[in-house]
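It should be emphasised that the depicted structure is a prediction, and the values quoted were computed from it without experimental measurement.
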Protein chains: 2
Amino acid sequence: MNMVQILQTSPLFAGTKEDEIAQLLCCLEGRTSDFARDRAIIEEGDHTDELGIVLKGRVHITRHDFWGNRSLVTEVAVGGSFAEALACTTQASEVSVVAAEQSTILFLNIHKVITSCARGCIFHHTLIENMVRLLSQRNLDLLKKIDHLTKRSTRDKLLSYLNSESKRQQSRTFTIPFDRQQLADYLCVERSAMSTELSRMQADGLVEYQRREFTLHHEEY
Amino acid sequence: MNMVQILQTSPLFAGTKEDEIAQLLCCLEGRTSDFARDRAIIEEGDHTDELGIVLKGRVHITRHDFWGNRSLVTEVAVGGSFAEALACTTQASEVSVVAAEQSTILFLNIHKVITSCARGCIFHHTLIENMVRLLSQRNLDLLKKIDHLTKRSTRDKLLSYLNSESKRQQSRTFTIPFDRQQLADYLCVERSAMSTELSRMQADGLVEYQRREFTLHHEEY
DNA sequence: GCATATATGTTGTTTTTCCAACAGGGTACA
DNA sequence: TGTACCCTGTTGGAAAAACAACATATATGC
């Protein structure tokens, strides 16, 4: 897939045709950059006025506390974007963005995105509307994550996450994008305790799994 | 304070003058409505295309799980808004909005907010930009909340919350908007365990408190 | 003031999670 | 093929949180 095709799948450019995207990209003056696995794209404390769109690979939004505990806020796959909210404010970032694998990122200046360009490019209005929709969606996603974290027990956190993942992939059998440590970081629990709980859940017939492949057996909730 | 003055303090109308707001309100065709304490403004499963702005009182964004466990996502005070993200999508709400006390709410149709009006009202563009900023800020707020929930122990959750509240009110001594049960619901911990931990923290000299009044003694982090 | 209701704090017990250490399986690569 | 490394699962003991029950304090209404 070339850049324009990827961008067509991106929420920010939803509803724009190929040639319109090309035209827009001129106005937006984006830049692309490659990152090796584990390389930081944005570090905690940084500020930026660019949002990023993943053209290749995938990135993790992470935090580290004083004691080095890592927490994985979310993963962004190809076509997804990050730092939109950060770029809209003047604050320093409280999270870092790390390439989870070899990745290519397109950076767009936020002001160019949300301000109509001098040339009066007619697709710009769509872009702003998409921006509102994108932020709204990100908002609901974060609410979803809060929903998982709200659960008091490791089992309920796992069920909450696995259910949402099952729903997202529209199948009872699905593959998660995290290894065990990352999943634990995402759900903010301890890895080995989580493994133990997964075993118990499998013994209870709630779920079957093998590495990253899961099948949910219980009713939705 | 009259409505226009309150709206001037609202992020959505930031940077617009009194007479401009009056003009905008005509275009937006808002409606106001009163809610008694504990009355639901939006219920889980509802959809709406209106965002709400609190003119009087305050509202709580809450969730209930299967077993009736309540969790308090966030509080919105006078001038604050809610349901912006919900109104921008077609999804059903996963949270409910409840009046924490006798409240007056101004409802605005989201489409009228983010679509330029027929009359070509020049302040409309500011409104859209404010909408982007508002969503971004809400985004960062949710990230902040995730930050609290990420902490593994009750003590760390409390410190994380109290620090952010102290910072927000720009003073080591401050009043929190929650009673103990609400605070526990907000931090997703058990009330009595939280009380016990607060006592320990006071004994350790980290914090002094009496009901809703807190004074932090330790260094920031 | 008194009775009642509500909010907060305390204590002891049970359950869950955390932690550390290790074991087994898979994979990469010399 | 064998070795080293990483990922996953397991175990037992330590720590923390949840829970239940009660004690104390504060607020509310009569």
>> Please report the distance, rounded to the nearest Å, between CZ in A:R155 and P in C:dT17.
In response: 9 Å

> Less than 4.5 Å apart, any side-chain heavy atom of B:F214 and any of B:T173?
Replying inline: no

> To the nearest Å, how far apart are A:Q210 CD and D:dC7 P?
Replying inline: 17 Å

> Could one point to a donor on the side chain of B:R211 or the base of C:dG9 with an acceptor on the other under 3.5 Å away?
Replying inline: no

> How long is the line joining CG of A:L183 and P of D:dG9, in whole Å?
Replying inline: 11 Å

>> What's the closest nucleotide to the side chain of A:E190 if the choices are C:dT8, C:dC18, D:dT10?
In response: C:dC18

> In terms of side-chain heavy atoms of B:A193, which of D:dA18, C:dT8, C:dT17 is nearest?
Replying inline: D:dA18

> Cationic tip of B:K145 within the cone over B:Y161's six-membered ring, i.e. under 6.0 Å and within 45° of the normal?
Replying inline: no

> How would you label the contact of B:S192 with the nucleic acid (heavy atoms, under 4.0 Å): base, sugar-phosphate, or nothing?
Replying inline: base

> D:dA17 C1' sits how many Å from A:D156 CG, rounded?
Replying inline: 15 Å

> So does B:R180 get a side-chain nitrogen or oxygen closer than 4.0 Å to the phosphate oxygens (OP1/OP2) of C:dG9?
Replying inline: yes

>> Of the listed nucleotides (D:dA21, C:dC18, D:dA17), which one gets closest to any side-chain atom of A:V189?
In response: C:dC18

>> Within the 4.0 Å heavy-atom criterion, would you say A:S195 contacts the bases, only the backbone, or no part of the nucleic acid?
In response: base

> Is a donor on one side and an acceptor on the other found under 3.5 Å between the side chain of A:R155 and the backbone of A:E197?
Replying inline: no

> Under 3.5 Å, is there a donor-acceptor pair linking the side chains of A:E84 and A:S81?
Replying inline: yes

>> Which nucleotide wins on minimum distance to the side chain of A:S199, given the candidates D:dT10, D:dA18, C:dT10?
In response: D:dT10

>> Measure CE/A:M194 against C1'/D:dT11 and give the value in whole Å, please.
In response: 17 Å

>> Looking only at the side chains, is there a donor atom on one of B:S192 and B:E190 sitting less than 3.5 Å from an acceptor on the other?
In response: yes

> Whole-Å distance between D:dT11 P and A:E197 CD?
Replying inline: 15 Å

> Atom CZ of A:R191 and atom C1' of D:dC7: how far apart are they, to the nearest Å?
Replying inline: 8 Å

>> Heavy atoms only, 4.0 Å cut-off, all strands: where does B:T196 land among base, sugar-phosphate and nothing?
In response: base

>> Can you work out whether A:R152 or A:F178 has the more 5'-proximal nearest nucleotide on DNA chain D?
In response: A:F178

> Reckon B:Y209 touches a base, only the sugar-phosphate, or nothing at all at heavy-atom distances under 4.0 Å?
Replying inline: sugar-phosphate

> Rounded to whole angstrom units, what separation is found between the NZ atom of B:K157 and the C1' atom of C:dT17?
Replying inline: 12 Å

